[in-house]
Amino acid sequence: MQELAVRPELDFTSKAYKDAYSRINAIVIEGEEEAYNNYIAMGEMLPDHQEELIKLAKMENRHMKGFQSCGKNLDVTPDMEFAQNYFAQLHGNFKTAYEQGNIVTCFLIQSLIIEAFAIAAYNIYIPVADPFARKITEGVVKDEYKHLNFGEVWLNAHFEEAKAELEAANKANLPIVWKMLNQVEQDAAILGMEKEALVEDFMISYGEALANIGFTTRDIMKMSAYGLTAA
Ligand code: PL3
Ligand code: FE2
Ligand code: FE2
């Protein structure tokens, strides 16, 4: 593995690696669990798509179990309390949107922002992961592209009615993602993941999704920069 060859400092058994992994692993487990709950909630809001959304939710549940086994394999106990706090703001915004029946905001938070964040994290993690976690993560990331695509297709079909709510939801939630990225920067670096690479991969997936939904390049530039400068 070329990436491992240029990173001889990665020692999956070291105290520093396991300490960082206890937080990153917990974040991913919590993220997958919340994704499960979010797709179940969206299924309640969209009875016509409930069956499909339950399928997506079940995939998230499998992802969660996969990442739990990655932690066990490295003999790491995930710090779930840390991870719950980590997601608290996005989780709160999703909950409010659900309670108010704002399905477009739910789509933006779960299917665009969280999925694009997961895709970036998993893509950057795969080349530096231990062999066990690499196999699991490779399987998971394929599913996340399907989840992002599900959101794109639905939002594209409702673009005209959804546009203003998408812009408002983007403005409220994208700055939270930049903050979340900053919060994991140091731990991610210990696992061999660079923040710049995460930001770049996120921007690509998120921007492509916005384009597929119907936004112009000009809109996308404006939308994806929200909160970035404050990060
Ligand atoms: C929805 O399918 C998945 C939600 C998970 C969100 C994960 C965000 C991860 C950010 C932490 C960056 C390091 C990732 C390391 C990968 C094991
Ligand atoms: Fe997932
Ligand atoms: Fe997903």
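All values reported here derive from a predicted model rather than from experimental measurement. For the numbers below, each heavy atom of this structure counts, side chains included, while hydrogens, waters and symmetry mates do not.
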Take Y206 and E115 through the test side chain to side chain contact (heavy atoms under 4.5 Å, CB included) and record every step on the way to the result. CA-CA 9 Å; Y206 192 61; E115 299 294 359; over 6 Å; no
Is there side-chain contact between [X] and [Y], with at least one heavy-atom pair below 4.5 Å?
X	Y	result
F117	L198	no
V76	Y17	no
S111	H147	no
E200	M203	no
K195	N182	yes
L56	E60	no
I27	D79	no
Y86	V184	yes

How long is the straight-line distance from [atom2] of [Y] back to [atom1] of [X], given to the nearest 0.5 Å?
X	Y	atom1	atom2	value
I54	N61	CD1	CG	12.5 Å
Y226	L174	OH	CG	10.5 Å
D143	I119	CG	CD1	10.5 Å
I109	N173	CD1	CG	4.0 Å
L90	I176	CG	CD1	5.0 Å
L108	K171	CG	NZ	14.0 Å

Evaluate the side chain to side chain contact (heavy atoms under 4.5 Å, CB included) criterion for residues H49 and F150: first the C-alpha distance (whole Å), next the side-chain angles of each, then the deciding distance (0.1 Å), finally the verdict. CA-CA 10 Å; H49 294 279; F150 182 83; 4.3 Å; yes
Spell out, as yes or no, whether a donor-acceptor pair under 3.5 Å connects the side chain of [X] to the backbone of [Y].
X	Y	answer
N156	I213	yes
D130	F132	yes
W178	A225	no
S205	F202	no

Pairs meeting criterion side-chain hydrogen bond (donor to acceptor under 3.5 Å, both in side chains) with involvement of residues 20-32, two or more places apart: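 Non-adjacent pairs meeting side-chain hydrogen bond (donor to acceptor under 3.5 Å, both in side chains): D19-R23, Y21-Y125, R23-D187, E32-H63, E32-Y122.
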Cluster overlap [X] with [Y], hydrophobic side-chain contacts below 4.5 Å:
X	Y	result
M221	V199	no
L210	Y145	yes
I204	M180	no
I29	L74	yes
F107	F215	yes

Regarding [X] and [Y], is there a side-chain donor-to-acceptor distance under 3.5 Å anywhere?
X	Y	value
Q84	H91	no
Y98	E44	yes
N93	T96	no

Is the number of heavy atoms from other residues, nucleotides or ligands within 6.0 Å of [atom1] ([X]) greater than 12?
X	atom1	value
E51	CD	no
K95	NZ	no
Q186	CD	no

So K222 and D219, salt bridge (Lys or Arg N to Asp or Glu O under 4.0 Å) or not? Walk me through it. CA-CA 5 Å; K222 204 178 78 187; D219 290 331; 5.1 Å; no
Apply side chain to side chain contact (heavy atoms under 4.5 Å, CB included) to the pair E138 and R134, showing each step before the final yes or no. CA-CA 6 Å; E138 281 169 349; R134 182 181 309 156; 3.6 Å; yes
Please confirm whether F159 and W154 have ring centers closer than 6.0 angstrom.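 No - the distance between ring centres of F159 and W154 does not fall below the 6.0 Å cut-off.
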Determine, step by step, whether L53 and I40 satisfy the side chain to side chain contact (heavy atoms under 4.5 Å, CB included) criterion, reporting the C-alpha distance in whole Å, the side-chain angles of both residues, the deciding distance to 0.1 Å, and the verdict. CA-CA 7 Å; L53 283 157; I40 294 289; over 6 Å; no
Compare every heavy atom of [Y] with every heavy atom of [X], then report the nearest pair and how far apart it is.
X	Y	value
A20	L191	CB-CD2, 4.0 Å
M223	N170	O-ND2, 2.9 Å
A188	I24	N-CD1, 4.0 Å
I136	S69	CD1-OG, 3.7 Å
A116	L148	N-CD1, 4.5 Å
I190	L10	O-CD2, 3.3 Å

Tell me the salt bridge (charged side-chain N to carboxylate O under 4.0 Å, His left out) pairs involving residues 152-162, sequence neighbours left out?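 Found none.
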Quick one: side chains of residues 162-169, donor-acceptor pairs under 3.5 Å with protein atoms, not counting sequence neighbours, listed by atom name and distance.
unit_1	atom_1	unit_2	atom_2	d
E165	OE2	T105	N	2.9
E165	OE2	T105	OG1	2.7

